[in-house]
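Note sheet for the following structure.
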Amino acid sequence: MKKRYIVCLGALSALLVIGSIWWFLFAPSYLQFAPKGEYISQSTSPNGDYIVKIYRSSGGATTPFAIRGEVTDTNKVFNRRKNIYWNYPQEKANVKWINNKIVSISGHILNVTKDTFDANDVDN
């Protein structure tokens with residue numbers, strides 16, 4: 001019985017470690033690991049439910065700037081933030097709300113509740 005317990009605990013631990021490594025390296029949305037960057041501006045949706053903040057990130061002296069967009073849902077208890085936009089290379093961003101949930105960031109139309117744009121995912 002004790003041997004079975006140890007084997008089950010070892011297998012569960014191994015699965016937990018493998019799952020954590022997979023999530024960290026291969027998670028479907030790796031926008032969560034985008035560099036924070038320098039705050040540039042913010043724009044609030046027409047009804048005030050969402051705020052999109054724009055940050056400019058620099059990779060150093062030899063690389064151009066990138067733009068990161070982060071949405072905050074003001075109706076949630078904890079004002080949850082989520083990265084919805086990452087474009088490289090880009091130095092400035094133009095944010096325009098189309099309606100209460102649809103925003104245009106530099107010409108990319110996004111539904112802030114479900115869409116993301118990542119320049120790394122776009123086919124060349």
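All of these numbers come straight from a predicted model, not from anything done at the bench.
Evaluation of the side chain to side chain donor-acceptor pair (under 3.5 Å) rule for Glu70 yields Arg68 as partners, not counting sequence neighbours. For Gln42, the side chain to side chain contact (heavy atoms under 4.5 Å, CB included) partners at least two apart in sequence or on another chain are Tyr39, Ile51, Lys53. Not a single side chain to side chain donor-acceptor pair (under 3.5 Å) links Asp73 to another residue, sequence neighbours left out. The side chain to side chain donor-acceptor pair (under 3.5 Å) check on Thr113 picks up Asn111, with sequence neighbours excluded. For Pro89, the side chain to side chain contact (heavy atoms under 4.5 Å, CB included) partners are Pro64, not counting sequence neighbours. With sequence neighbours excluded, no residue satisfies salt bridge (charged side-chain N to carboxylate O under 4.0 Å, His left out) with Glu91. Residues passing the side chain to side chain donor-acceptor pair (under 3.5 Å) test with Asp49 are Asn47, Asn75, sequence neighbours excluded.
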Test side chain to side chain donor-acceptor pair (under 3.5 Å) on Ser57 and Glu38 and set out the steps.
CA-CA 6 Å; Ser57 178; Glu38 168 192 0; over 6 Å; no

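Residue Tyr88 comes nearest to Ala119 through the heavy atom pair N-CB, 3.8 Å, listed as atom of the first residue, atom of the second, then distance. The two residues Leu110 and Ile105 have their closest heavy-atom pair at CD1-CD1, 4.2 Å. Here the closest non-hydrogen pair linking Ser45 and Asn100 is CB-O, 3.6 Å. Scanning all heavy atoms of the two residues, the minimum distance from Thr74 to Tyr50 falls at OG1-N, 4.1 Å.
Contacts classified as salt bridge (charged side-chain N to carboxylate O under 4.0 Å, His left out) and involving residues 92-106 (residues at least two apart or in different chains) are not found.
Of the inter-residue distances, the one linking Phe65 atom CZ with Ile40 atom CD1 reads 8.5 Å to the nearest 0.5 angstrom. To the nearest 0.5 angstrom, Asp118 atom CG is 9.0 Å from Asn87 atom CG.
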Between side-chain atoms of residues 2-11 and protein atoms elsewhere (two or more places apart, or another chain), which donor-acceptor pairs fall under 3.5 Å?
none

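Within the 3.5 Å criterion, the main-chain N or O of Trp97 finds no donor-acceptor partner in the side chain of Ser104.
Ile98 belongs to a hydrophobic cluster with Ile102, Ile109, counting contacts under 4.5 Å between side-chain heavy atoms of Ile, Leu, Val, Met, Phe, Trp and Tyr, direct or through other members.
Taking the side chain as every heavy atom from C-beta outward, Val95 and Val103 approach each other to under 4.5 Å. At a threshold of 4.5 Å between non-hydrogen side-chain atoms, the residues Leu15 and Val17 do not count as touching. Ile67 is listed as a side-chain neighbour of Tyr85, based on a closest heavy-atom distance under 4.5 Å.
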